[in-house]
Amino acid sequence: MALNRRVFLGTTAALAATLTAPAAIGQARPRVVVIGGGAGGATAARYIAKDSKGAVDVTLVEPTRTYFTCFFSNLYLGGFQELADIGHTYGTLAADYGINVIHDWATGVDRDAKTVTLAGGHTLSYDKLILSPGIDFVDGAVPGWDVTQQNRMPHAYKAGSQSELLKAQLMAMPEGGTFAMIAPPNPYRCPPGPYERVSMVAHLLKQNNPTAKILVVDPKEKFSKQALFEEGWAKHYGGMIERIGPDFGGGNVKVDAQAMTVDIDGSVETVDVCNVIPAMKAGRIAEIAGVTEGNWAPVNAADMSTKADPDVYVLGDAAAQGDMPKSGFSANSQAKVCANAVRGALTGSKVFPAKFSNTCWSLIAPEDGVKVGATYEATPEKIASTESFVSQTGEDADTRAATYRESLGWYQGITADMFG
Amino acid sequence: MRALIRSSLLVGATVLATDAPASELGDAGRGEKLFSQCKGCHQIGRGAENRIGPHLNTLFGRKAGGLEDFRYSKSMARAGAAGLEWHAETLDGFLENPRSIASGTRMSYRGMKDDGQRADLIAYLRVHSDSPRDIPEADPTASGTDHDVDPEILAIAGDPEYGEYLSSECKTCHQSDGGDDGIPSITLWPVEDFVVAMHAYKEKKRQNPVMQMMAGRLSNEEIAALAAYFGALEED
Ligand SMILES: Cc1cc2nc3c(=O)[nH]c(=O)nc-3n(C[C@H](O)[C@H](O)[C@H](O)COP(=O)(O)OP(=O)(O)OC[C@H]3O[C@@H](n4cnc5c(N)ncnc54)[C@H](O)[C@@H]3O)c2cc1C
């Protein structure tokens with residue numbers, strides 16, 4: 001074993017580690033504040049608390065007491081999951097890991113004073129701040145839609161009440177009615193998400209309302225796992241799904257939530273249920289903290305620290321990091337790299353080279369699961385993909401069923417990795 | 001039925017030997033300048049169309065001779081029918097000596113002999129194909145660290161803390177409490193079985209593409225460290 005173990009983040013991180021480590025001893029414990037208790041934030045908080053064995057004071061700020069995972073929320077729409085099964089609480093993080101879980105909104109960040117203010121009026125000090133606030137929607141992205149209309153035209157792209165609402169609307173849809181989805185432009189959370197949703201809605205309607213139609217209005221020429229989805233749609237839901245891409249005006253769409261109409265490049269359709277998934281940007285607190293450029297927060301690939309501030313880190317959907325898709329798996333993977341680096345900087349523990357991976361499973365129909373995945377590494381410029389794979393068209397039923405079962409195992413694994 | 005694993009490891013073998021840690025395919029900025037040699041016949045970028053040669057947007061993953069509205073040489077069409085697809089490694093061979101890949105290609109270019117220049121040009125072409133951020137299955141944009149030779153990795157491979165750090169990547173799917181529901185438990189697995197299984201994935205003798213990919217980027221020492229870590233873990 002090497003005696004002089006290297007710190008892999010280069011000289012600045014090594015220097016920071018030696019400077020901060022002695023200060024931590026005897027004085028107050030170094031403080032980490034994590035904003036957002038989702039795939040990125042919960043994982044980061046848990047790993048820092050767990051691996052530092054109490055040496056770091058970890059506070060997690062998350063407004064909701066029950067976090068509903070977006071992952072598997074499409075399976076809830078399709079009837080493969082109960083809503084209660086995709087809800088998770090923070091008790092174990094507090095009880096077993098000593099994390100101070102505060103159910104409140106962060107409303108301000110003062111990077112000079114190194115403080116975070118909460119809607120409830122309190123102020124938290126930090127040595128390192130980790131933001132994993134997920135996404136918000138870009139104002140005016142779909143003319144006619146804003147959050148005041150989300151009860152008439154749900155997005156269901158933050159899970160929970162919105163997922164429940166969309167499912168209720170689908171169940172109440174008139175016989176032979178039309179479900180429309182306005183798909184988002186790149187980049188957005190979960191590249192296969194809208195198309196898995198189309199599959200799950202088709203499955204639900206096939207059971208309850210088999211003459212119903214699905215209209216997908218899409219500004220993108222192509223999308224992830226497209227050949228697999230299209231093969232599955234033809235096989236399981238022949239004739240039910242129509243997708244209008246940009247060459248037929250899919251990129252030029254307006255809605256009227258009161259009239260329940262969708263205007264596609266000038267031709268107006270009346271629909272019964274309309275799922276609007278607008279263009280996305282980093283959760284607003286990232287912008288408030290002043291670490292965004294455009295819609296996202298640029299970060300350094302080696303440790304997820306922001307380009308704007310070495311003591312502020314951004315994880316998951318909100319980060320502009322390079323090649324990783326915005327997914328729960330990616331956010332969880334980035335959180336572990338970040339946790340290792342933050343702990344190293346605060347306590348002098350060893351910092352190992354960043355390694356990232358992602359796999360996204362999608363369910364097309366019962367027992368018909370597919371997946372896409374890749375591994376990534378940090379280069380000076382970005383998180384870069386180094387290898388990838390995707391399920392193949394024409395796979396046999398056993399392979400697809402095994403892939404689906406694998407996704408069930410992954411869900412148990414990642415939620416245990418986030419919430420303990 | 002096996003999923004295809006795409007890797008860019010083969011690009012410019014000489015580049016790799018001196019550069020074990022992850023590195024981009026080449027320098028796209030320099031590649032853009034080199035592309036001036038191609039511009040007479042090929043367009044790339046926003047609004048690119050077929051000219052004397054086919055447009056080069058979304059080239060990666062395209063079948064050779066694969067654009068429906070372009071008339072290719074018989075030779076190129078035949079190469080495509082025989083299974084040639086454009087990825088970093090196939091482009092590298094083609095650009096070095098086009099006629100060695102498609103003897104009757106209409107492309108009059110004689111070839112780019114310098115490995116580094118080809119890597120730069122390929123990096124530039126890659127920019128105009130699908131982004132892995134949006135299409136995760138898209139071709140890689142960098143070549144990965146070879147963990148079996150990188151001296152930095154080798155120096156820490158026997159470190160138990162490193163084993164624990166590596167194991168965090170497994171725990172996204174494999175529960176450390178030993179639960180196995182669609183994904184097998186690896187907790188308390190005998191060390192030897194673990195090592196044999198991981199090497200079988202690494203050599204692609206076992207089929208699961210996720211595990212082939214995860215094991216493929218681990219060195220022998222890293223596999224040993226992980227086996228020791230999971231073998232000693234108690235079900236909690
Ligand atoms: C329909 C759908 C299906 C999906 N399927 C998959 C899948 O199968 N696999 C997969 O890997 N990914 C999937 N995803 C993507 C995945 O859900 C996200 O990429 C992931 O949740 C991102 O993690 P995050 O930590 O960035 O954000 P989130 O998990 O969204 O967490 C952000 C948290 O921050 C909190 N927050 C926001 N602002 C503040 C503030 N100011 N103060 C305090 N807290 C704040 C929010 O309440 C939220 O809990 C899916 C997404 C959708 C919409």
If I measure from the heavy atoms of chain B, does D323(A) come under 4.5 Å with its side chain, its backbone, both, or neither? both
Under the side chain to side chain contact (heavy atoms under 4.5 Å, CB included) rule, what do N208(B) and K371(A) come out as? Steps first, then yes or no, please. CA-CA 11 Å; N208(B) 190 314; K371(A) 58 185 168 181; 3.2 Å; yes
Roughly how far apart are K350(A) NZ and I156(B) CD1, rounded to 0.5 Å? 9.0 Å
Does any heavy atom of chain B fall under 4.5 Å from the side chain of K220(A), the backbone, both, or neither of them? neither
Within this structure, what is the SG-CD distance for the pair C173(B) and Q412(A), rounded to the nearest 0.5 Å? 12.0 Å
Minimal non-hydrogen separation, S388(A) against A138(B), with atom names: OG-O, 3.3 Å
Just how far is it from atom OG1 of T415(A) to atom CD of Q175(B), taken to the nearest 0.5 Å? 7.0 Å
Give the member of A416(A), A374(A), G373(A) that has the highest number of heavy-atom pairs under 4.5 Å with chain B. A374(A)
Kindly give the heavy-atom pair with the smallest separation between Y165(B) and P353(A), and that separation in Å. OH-O, 2.8 Å
Side chain, backbone, both or neither: which part of S357(A) has a non-hydrogen atom closer than 4.5 Å to chain B? both
F356(A) versus chain B, the contacting section by heavy-atom distance below 4.5 Å: backbone
Please name the pair of heavy atoms, one in E381(A) and one in E24(B), separated by the smallest distance, quoted to 0.1 Å. OE1-OE2, 3.1 Å
Set out, in order, the CA-CA distance, both residues' side-chain angles and the distance that settles side chain to side chain contact (heavy atoms under 4.5 Å, CB included) for K355(A) and T145(B), then state yes or no. CA-CA 10 Å; K355(A) 283 177 104 169; T145(B) 306; over 6 Å; no
For a quick test of reading the model, state the closest non-hydrogen atom pair linking K171(B) to K336(A) and the distance between them. C-NZ, 4.4 Å
Residue, of Y411(A), F329(A), Y376(A), that accumulates the most heavy atom pairs under 4.5 Å with chain B: F329(A)
Classify the side-chain pair T141(B)/K382(A) by whether it contains a donor and acceptor separated by less than 3.5 Å. yes
Output the distance between atom CG (N340(A)) and atom CD (E164(B)), rounded to the nearest 0.5 Å. 10.0 Å
Ion pair D134(B)/K222(A), N-O distance below 4.0 Å: no
F352(A) side, atom CZ; E152(B) side, atom CD - distance, nearest 0.5 Å: 12.5 Å
Among P191(A), P325(A), S385(A), find the one that has a side chain to side chain contact (heavy atoms under 4.5 Å, CB included) with P132(B). S385(A)
What part of A378(A) gets within 4.5 angstrom of chain B, counting heavy atoms only: side chain, backbone, both, or neither? backbone
I135(B) side, atom CD1; N186(A) side, atom CG - distance, nearest 0.5 Å: 6.5 Å
Can you name the closest pair of heavy atoms from R217(B) and E377(A) and give their distance? NH2-CG, 4.1 Å
Between L166(B), D130(B), T172(B), which has the largest tally of heavy atom pairs under 4.5 Å with chain A? T172(B)
Heavy atoms only: give me the nearest S224(A)-E137(B) pair and the separation to one decimal. OG-OE1, 2.8 Å
